[in-house]
Amino acid sequence: MSKHRISVVTGGGSGIGRATARRLAAAGDLVVVADIAESAGRNVVEAIRASGGAAEYRPVDVASEASIAALADEVESRIGPVDVLVTSAGILQNATDIASFDLAEHDRVWAINYRGVYLSCRAFAPRMAKRRRGSIVNISSTSAVDAMPLIAYGPSKAAVQNLTAILAVELGPDGVRVNAVMPGYVLTEAMQSRIDAGKRDPRSMAGHSALGRMVRPEDVAEGIYFLCSDAASCITGVVLPVDAGYLPALSYLHHPGLGGVHPRRDDQRPVA
Ligand SMILES: NC(=O)c1ccc[n+]([C@@H]2O[C@H](COP(=O)([O-])OP(=O)(O)OC[C@H]3O[C@@H](n4cnc5c(N)ncnc54)[C@H](O)[C@@H]3O)[C@@H](O)[C@H]2O)c1
């Protein structure tokens, strides 16, 4: 059995999951990078090992109950008891309206972003509860609390936040903590490809935050690292925004006295 704390990061092959896998490995965890994209997952494992850390790749499709159950069985029987689960496997969505949004895409967003998180928690949490220790961090989004033209994505993230609160209370007596992070606009591969395709305006994403910048995957990884650490041992059921101050800036900039422009920044267009 491993001498390390064992952490499983779904979606660990890219973006927020990859930064989290690196952060947890740098802190001494044995990190299981679980991703549907094998070469991306294996690259992360190689990079962690090259810098002296411990990591293993395991394939998973979080949309499949059997695949997640197999992952949990495999990790627990061959690697060791899982202390930390980070559910970062997810997909983004482009702006749309209810009439033209393809129902198959709607269902796919829910299958991965909500049901995938639900299945991941369902596979790992009971084992943690039996051992009376464990920590789970789910990934929400500012679109969970603000209306955006992301008609499946936003509701799926709101559901993730609700699930996080439910599980925190259900599993609290078993010593298992369940929290979430709520990233703002994070410059990951998924986001970069949308910027490249003209589907997101990077100036707007940065300019509409308090700090005037986009979030880096490493910023979110720090929040996740904290929530999984003993420093957060009395914190459960919370959703930690890591958004460069996007949420408070939204209402501030929309004050009718400002006209959508930050009074002390000239790098920004009016908020439409
Ligand atoms: N990028 C952002 O601005 C942003 C903001 C808020 C929340 N999030 C959330 O953060 C999470 C990670 O997003 P990201 O931006 O890092 O994306 P990403 O595309 O960079 O990484 C997502 C990873 O999940 C994997 N994945 C996708 N479907 C999978 C499946 N069915 N089974 C297993 N793995 C699968 C991908 O292969 C990829 O490695 C998602 O839940 C996303 O909704 C992202």
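Side-chain atoms are counted along with the backbone in the values below, which use heavy atoms only and exclude waters and symmetry mates. One-based numbering, in listed order, for ligands and for the atoms of each. As the structure is a prediction and not an experimental result, all values here were calculated from the model. Index from 1, following the sequence.
- Residue A89 has at least one heavy-atom neighbour below 4.0 Å for each of these atoms of ligand 1: 24 (O), 33 (C), 34 (N), 35 (C).
- Distance check, rounded to the nearest 0.5 Å: NE2 of H106 to CZ of F101 gives 6.5 Å.
- Residue, atom and distance of the protein heavy atom nearest to atom 33 (C) of ligand 1 are V60 O, 3.2 Å.
- Atom 8 (N) of ligand 1 has Y153 OH, 3.3 Å as its closest protein atom, hydrogens excluded (heavy atom only).
- Nearest non-hydrogen protein atom to atom 31 (N) of ligand 1 is D61 OD1, 2.9 Å.
- Protein heavy atom at the shortest distance from atom 34 (N) of ligand 1 is I36 N, 3.4 Å.
- Relative to the ring axis of Y57, R42 does not place its NZ or CZ within 45° and under 6.0 Å from the centre.
- Between S140 and P183, the shortest heavy-atom contact is O-CD, 3.2 Å.
- For V62, a nitrogen or oxygen atom sits less than 3.5 Å from a nitrogen or oxygen atom of ligand 1, counting backbone and side chain alike.
- Within ligand 1, the atoms closer than 4.0 Å to a non-hydrogen atom of G11 are 23 (C), 24 (O), 25 (C), numbered from 1 in the order shown.
- Looking from atom 37 (O) of ligand 1 to the surrounding protein, the closest heavy atom is D35 OD1, 2.6 Å.
- Although no hydrogens or angles enter the test, the distance criterion places a donor-acceptor pair under 3.5 Å between the side chain of T236 and the main chain of V178.
- Of all the listed residues (S140, A111, G116, A190), S140 holds the heavy atom that lies closest to atom 7 (C) of ligand 1.
- Annotation: atom 5 (C) of ligand 1 to nearest protein heavy atom, G184 O, 3.1 Å.
- Backbone and side-chain nitrogen or oxygen atoms of Y185 are examined, and none is located within less than 3.5 angstrom of a nitrogen or oxygen of ligand 1.
- The shortest side-chain heavy-atom distance between S156 and V160 does not fall under the 4.5 Å cut-off.
- Proximity of a side-chain donor or acceptor of S88 to a complementary backbone N or O of G17 within less than 3.5 Å is detected.
- The atoms of ligand 1 that sit less than 4.0 Å from any heavy atom of G90 are 22 (C), 24 (O), 27 (C), 40 (C), 41 (O).
- Every atom of ligand 1 with a heavy atom of G15 under 4.0 Å away is listed here by number and element: 16 (O), 20 (O).
- Applying the side chain to side chain contact (heavy atoms under 4.5 Å, CB included) test between V86 and each of I16, T10, L24, V8 identifies L24 as the sole match.
- In terms of polar-atom proximity, defined here as any N/O pair under 3.5 Å, I16 does make such a contact with ligand 1.
- Considering each of G41, S88, S14, the one bringing a non-hydrogen atom nearest atom 12 (C) of ligand 1 is S88.
- Listed by number with element, the atoms of ligand 1 under 4.0 Å from a non-hydrogen atom of A37 are 37 (O).
- Summarising the contacts of atom 14 (P) of ligand 1 with T188, D243, T10, the nearest heavy atom is found in T188.
- Considering all non-hydrogen atoms of both residues, A190 and L92 come closest at CB-CD1, 3.6 Å.
- In terms of modelled atom types and a separation under 3.5 Å, the side chain of D61 and the main chain of A63 share a donor-acceptor contact.
- Of the possible donor and acceptor atoms, none in the side chain of D243 sits under 3.5 Å from a partner among the backbone N and O of G184.
- Note on R49 versus E56: salt bridge recorded, some NZ/NE/NH1/NH2 to OD/OE distance being below 4.0 Å.
- Ion pairing of R213 with D219 is present here, as a side-chain N (NZ or NE/NH1/NH2) and a carboxylate O approach within less than 4.0 Å.
- Some N or O of V186 is nearer than 3.5 Å to an N or O of ligand 1, by distance alone.
- Evaluated by nearest non-hydrogen atom to atom 9 (C) of ligand 1, the leading choice among L92, L150, V220, I139 is I139.
- Contacts between K157 and ligand 1 below 4.0 angstrom, taking non-hydrogen atoms only, involve the side chain exclusively.
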